[in-house]
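Encoded as structure tokens, the structure appears first; notes follow it.
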Amino acid sequence: MFALATASGAALLAAAALPATAQPAAHPAAPHTALQEGSVSAAQLLDKLKDCQQISHGKYRTDEETSATVPVCGKNGAVFWKADMDIDCDGQITSQCSADTDPWFQDDTRFHQSDGKPLNAAKLPYVVVPSTSGIWNYESAGIKGGGVVAVIYNNQVEYAVVGDTGPEKIIGEASYAAAKGLGIDPNPETGGADSGVTYVLFKNTKASPIESHADAVSRGDALAKKFLQEN
């Protein structure tokens, strides 16, 4: 222990003796580039989402310890909610998503890729919907696995798919890749956003194949334009 402390002290003294130009360089995180997928802006979409016609039979919590304050709202051609973003890292095992990085990790997702494998949360932007309950049934509302979703955060628009289901009473969750794309800390244990995320789920839609983000963006842009026209 004494030898270790002596060595550590000597290393600190040596570092302090270095001229300023020789100090170890800091590596700040690269600035996030604002994301705008498609041609419809966040402001244009949010302008149509000012009023909520509640279609859920109750409201959801954003976390286990919070009160139920989030309704599911209905619009022509879509449903939406405004909540937080918890990080879903379930599905295929990757360096970002595994039992080592996520205490709640599960190696499956409710909906699967075209080859039958679970979705890849580290690669594919996807959104989690609450499991069917007395509060709301997503399937009855025209929301399908692979359905196209516009996720709005910090004046950014990202397109995703419906990829997984979560707890019956909690809402506001998306994949590692969805969070990262929006500049939200994607760490499944400590990351996420506390508020300010709007999820717009387009009814009776499906990206093909579900794992194609490019297809979700293409379809999403067309659906967003139609949504603006119909609301």
Side-chain angles (χ1 to χ4, degrees), residues 38 40-88 90 104 109-111 125-175 178-179 181-182 184 191-207 216 219-220 223-231:
V40 178
S41 71
Q44 287 175 297
L45 287 171
L46 291 174
D47 186 58
K48 301 293 185 178
L49 305 174
K50 293 178 180 177
D51 302 316
C52 173
Q53 181 180 348
Q54 183 171 330
I55 62 171
S56 55
H57 297 296
K59 296 181 179 180
Y60 287 95
R61 302 176 180 184
T62 56
D63 293 293
E64 190 65 44
E65 66 275 10
T66 61
S67 56
T69 59
V70 180
V72 175
C73 312
K75 285 285 185 179
N76 289 329
V79 303
F80 75 95
W81 56 82
K82 299 180 180 182
D84 64 344
M85 183 184 286
D86 296 325
I87 308 301
D88 188 332
D90 293 341
W104 309 279
T109 49
R110 173 65 179 81
F111 306 106
Y126 70 72
V127 165
V128 180
V129 296
S131 295
T132 296
S133 71
I135 300 176
W136 183 57
N137 183 328
Y138 66 90
E139 293 177 309
S140 297
I143 305 305
K144 305 176 180 180
V148 180
V149 186
V151 186
I152 307 166
Y153 176 75
N154 197 22
N155 296 316
Q156 303 170 98
V157 178
E158 177 182 48
Y159 290 103
V161 294
V162 175
D164 204 359
T165 55
E168 292 181 356
K169 297 181 179 180
I170 296 177
I171 206 164
E173 187 175 5
S175 68
L182 292 166
I184 295 172
D194 291 334
S195 62
V197 186
T198 301
Y199 304 82
V200 185
L201 289 70
F202 298 105
K203 297 179 181 179
N204 301 310
T205 62
K206 190 171 185 179
R219 292 176 189 267
L223 289 163
K225 291 175 182 176
K226 184 179 179 183
F227 179 79
L228 294 183
Q229 294 172 349
E230 296 181 348
N231 289 277

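Evaluated for a side-chain contact (heavy atoms from CB on, under 4.5 Å) with W81, the options V129, T198, V200 yield exactly one hit, V129. Of the candidates I170, D84, V197, D86, T62 forms a side-chain contact (heavy atoms from CB on, under 4.5 Å) with just one, namely D84.
A216 approaches Y159 most closely through the heavy-atom pair O-CB, 3.8 Å. The two residues Y199 and A174 have their closest heavy-atom pair at CE2-CB, 4.5 Å. Of all heavy-atom pairs between A160 and V127, the closest is CB-CG2, 4.2 Å. Considering all non-hydrogen atoms of both residues, Y60 and S133 come closest at OH-OG, 4.4 Å. The minimum heavy-atom distance between G191 and I87, with the atom names listed, is C-CG1, 4.1 Å. Between S41 and V157 the shortest heavy-atom distance is C-CG2, 3.8 Å.
Proximity of a side-chain donor or acceptor of S56 to a complementary backbone N or O of W136 within less than 3.5 Å is not detected. Here the side chain of T165 pairs no donor or acceptor atom with the backbone of S131 at under 3.5 angstrom. Without hydrogens or angle criteria, K226 side chain to G77 main chain gives no donor-acceptor distance under 3.5 Å. Judged by distance alone, with hydrogens and angles left aside, the side-chain atoms of D63 form no donor-acceptor pair with the main-chain N or O of E65 at under 3.5 Å. At distances below 3.5 Å, at least one donor-acceptor pair connects side-chain atoms of N231 with backbone N or O atoms of N76.
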Go through it in stages, so that I can follow the logic: the residues are D88 and Y126, the test is side chain to side chain contact (heavy atoms under 4.5 Å, CB included), and I'd like the CA-CA distance, side-chain angles, deciding distance and then a yes or no. CA-CA 9 Å; D88 188 332; Y126 70 72; 3.2 Å; yes
**Study point:** Evaluation steps, side chain to side chain contact (heavy atoms under 4.5 Å, CB included), between E168 and I135
**Key:** CA-CA 8 Å; E168 292 181 356; I135 300 176; over 6 Å; no
Between I171 and V72, does a side chain to side chain contact (heavy atoms under 4.5 Å, CB included) hold up when you go through it step by step?
CA-CA 9 Å; I171 206 164; V72 175; 4.0 Å; yes
- Would F227 and K48 satisfy side chain to side chain contact (heavy atoms under 4.5 Å, CB included), going step by step from the backbone distance to the final call? CA-CA 9 Å; F227 179 79; K48 301 293 185 178; 3.8 Å; yes
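Between atom CG of residue L46 and atom CD1 of residue I152 there is a gap of 4.5 Å, rounded to the nearest 0.5 Å. Remark: T109 OG1 to D90 CG distance equals 8.0 Å, nearest 0.5 Å. D194 contributes atom CG, which lies 12.0 Å from atom CE of M85 (distance to the nearest 0.5 angstrom). Distance check: S195 OG to Y153 OH gives 7.5 Å after rounding to the nearest 0.5 Å. Atom-to-atom distance recorded for R219:CZ and K206:NZ is 10.0 Å, nearest 0.5 angstrom. Once rounded to the nearest 0.5 Å, the distance linking CZ of F80 with CD of Q53 reads 9.5 Å.
You'll find the side chain of L45 reaches within 4.5 Å of the side chain of V40, heavy atoms only. Under the 4.5 Å side-chain criterion, counting only non-hydrogen atoms from C-beta, K144 is in contact with N204.
When the shell of 6.0 Å around NZ of K203 is examined, it contains more than 12 heavy atoms from other residues, nucleotides or ligands.
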